[in-house]
Amino acid sequence: MLFSTALVALFATTVVGIPLANVSSEALPRRCGTVISDDDLIAAEAHFAANKIVPSALAPQAATLNVYFHVISKDSSLAGGNVPESQLRDQITVMNDAYAGSGITWTLAGIDRTVNSDWFNRAGPDSSQQTAMKSALRKGGVKDLNVYTVGFTSGSGAGLLGYSTFPSSYSGNPTDDGVVMLFSSVPGGSTVPYDLGQTLTHEAGHWVGLYHTFQGGCSGTGDQVSDTPAEASPASGCPTSRDTCSSSGVDPIHNFMDYSDDACMTEFTPGQITRLKSQMATYRGVSL
């Protein structure tokens with residue numbers, strides 16, 4: 001069952017950011033602009049609880065979801081954002097490895113290319129550039145992941161790695177649905193240590209309904225998943241045995257929904273997979 005009525009605006013959509021450069025995690029960790037207050041999270045979860053579709057554990061299903069890449073560049077060069085098809089295909093491989101236990105298979109459904117320096121430089125959360133870009137380029141429907149690769153050099157997106165919408169946001173603004181990400185964070189890109197493709201894994205995690213593992217810190221409402229230990233703040237690098245909340249176990253630094261380096265990110269938990277399956281069934285009509 002899908003809901004056609006517009007939901008209240010529950011989420012901010014800016015996610016993880018770092019400047020366009022070859023940098024070390026020690027010098028410049030991931031940063032994120034996503035903000036959802038405990039009150040807004042409570043409202044979101046109340047709506048989810050009231051409308052939740054719980055997939056049958058007796059008959060798990062699988063789904064193949066389309067990914068449409070919209071490559072935005074300022075010129076025809078790789079440095080100008082013209083990401084080659086080979087890197088986009090590698091990105092799909094990384095995604096399928098990461099989501100292997102979820103029932104989701106991602107398939108490359110299309111690539112289009114647009115030379116627009118204004119979009120490349122200035123597309124960001126709530127900007128006129130991102131509105132124009134998405135309005136012109138978005139393809140498919142609620143089950144299709146649209147990914148826009150840009151430069152994030154100025155404006156509201158300056159310094160971001162990416163940002164995403166959540167499933168419950170779709171009915172209120174279908175055109176806005178999708179992920180905007182830094183072009184050089186695809187596999188083999190130049191933004192070290194975020195060059196293995198896990199930026200899109202992370203952003204797609206929001207797109208399928210997951211919060212950050214550090215949502216709410218040690219005492220907030222958390223990420224609504226019981227098997228991701230609470231952590232006081234985002235991880236940086238790969239700090240083995242980091243433990244910022246005394247009562248819940250070591251921090252989930254290897255989780256795709258934390259802020260560790262790409263090489264440190266290796267897992268979704270069973271609880272996260274259970275949540276994303278229900279979010280996708282409830283808000284995107286995808287049975288997993």
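Keep in mind that this is a model prediction, so the values were computed, not measured.
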Exercise. Under the side chain to side chain contact (heavy atoms under 4.5 Å, CB included) criterion, do Leu41 and Tyr211 qualify, and how do the steps go?
Worked result: CA-CA 10 Å; Leu41 187 147; Tyr211 297 123; 3.8 Å; yes

side-chain contact (heavy atoms from CB on, under 4.5 Å) test vs Leu182 passes for just one of Thr149, Thr153, Leu161, namely Leu161

Are [X] and [Y] connected in the hydrophobic side-chain network, where two residues link if heavy atoms are under 4.5 Å apart?
X      : Y      : value
Val286 : Met95  : yes
Ile111 : Val83  : yes
Val225 : Phe166 : no
Val94  : Leu65  : no
Trp207 : Leu288 : yes

Under the side chain to side chain donor-acceptor pair (under 3.5 Å) criterion, do Asn82 and Ser77 qualify, and how do the steps go? CA-CA 6 Å; Asn82 192 24; Ser77 69; over 6 Å; no

Shortest non-hydrogen contact from [X] toward [Y]:
X      : Y      : result
Met265 : Ser260 : CE-O, 3.6 Å
Gly189 : Gln87  : N-NE2, 3.7 Å
Pro239 : Ser236 : CD-O, 3.3 Å
Pro84  : Leu78  : CD-CD1, 3.6 Å
Cys238 : His254 : SG-CE1, 3.8 Å
Met133 : Val150 : SD-CG1, 4.0 Å

Check your understanding: Are Thr165 and Asp177 close enough that a side-chain donor and a side-chain acceptor fall under 3.5 Å?
Key -> yes

Practice item. Please check if any side-chain donor atom of Thr114 sits under 3.5 Å from a side-chain acceptor atom of Asn116, or the reverse. Key: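 Asn116 and Thr114 do not have a side-chain donor-acceptor pair below 3.5 Å.
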
Any side-chain heavy atom of [X] sitting closer than 4.5 Å to one from [Y]?
X      : Y      : result
Pro234 : Asp258 : yes
Gln91  : Leu108 : no
Asn255 : Gln272 : yes
Leu160 : Met181 : no
Glu203 : Val147 : no
Tyr194 : Asp261 : yes
Thr105 : Asn96  : yes
Gln279 : Thr282 : no

Under 3.5 Å, side chain of [X] to main-chain N/O of [Y], donor-acceptor pair present?
X      : Y      : result
Tyr163 : Gly124 : yes
Arg275 : Gly209 : yes
Asn146 : Arg138 : no
Arg284 : Ser287 : no

Q.
Check the orientation of Trp106 and Tyr99. Use parallel for under 30°, tilted for 30 to 60°, and perpendicular for over 60°.
A. perpendicular

key: Trace of the side chain to side chain contact (heavy atoms under 4.5 Å, CB included) decision for Thr131 with Ser135   = CA-CA 6 Å; Thr131 299; Ser135 296; 4.1 Å; yes

At what distance, to the nearest 0.5 angstrom, does [atom1] of [X] lie from [atom2] of [Y]?
X      : Y      : atom1 : atom2 : answer
Phe268 : Thr274 : CZ    : OG1   : 13.0 Å
Phe120 : Ser73  : CZ    : OG    : 7.5 Å
Asn51  : Ser278 : CG    : OG    : 10.5 Å
Tyr170 : Ser168 : OH    : OG    : 13.5 Å
His70  : Lys134 : NE2   : NZ    : 10.0 Å
Met257 : Leu210 : CE    : CG    : 5.5 Å

#### Entry: Charged N-O contact under 4.0 Å between Asp144 and Lys139
no

Applying side-chain hydrogen bond (donor to acceptor under 3.5 Å, both in side chains) to Thr244 and not counting sequence neighbours gives Asp251

- request: For this output row, return yes or no: ring centroids of Tyr148 and Phe69 closer than 6.0 angstrom.
  value: no

For the residue pair Phe256 and His202, is the inter-centroid distance of their aromatic rings smaller than 6.0 Å?
no

Check your understanding: Given Asn121 and Gln129, is the side chain to side chain donor-acceptor pair (under 3.5 Å) satisfied, shown in steps?
Key -> CA-CA 9 Å; Asn121 290 316; Gln129 288 82 7; over 6 Å; no

Worksheet entry | Residue pairs fulfilling salt bridge (Lys or Arg N to Asp or Glu O under 4.0 Å) with at least one residue in residues 213-237, sequence neighbours excluded |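 Only Glu231-Arg242 qualify under salt bridge (Lys or Arg N to Asp or Glu O under 4.0 Å).
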
Q.
Show, in sequence, the C-alpha distance, side-chain angles and deciding distance for Tyr283 and Ile53, and conclude whether the side chain to side chain contact (heavy atoms under 4.5 Å, CB included) test is met.
A. CA-CA 9 Å; Tyr283 295 114; Ile53 296 173; over 6 Å; no

TODO: Could you please spell out the steps behind the side chain to side chain contact (heavy atoms under 4.5 Å, CB included) verdict for Asp112 and Val71?
DONE: CA-CA 6 Å; Asp112 55 63; Val71 178; over 6 Å; no

With sequence neighbours left out, the residues meeting side chain to side chain contact (heavy atoms under 4.5 Å, CB included) with Thr93 are Asp97

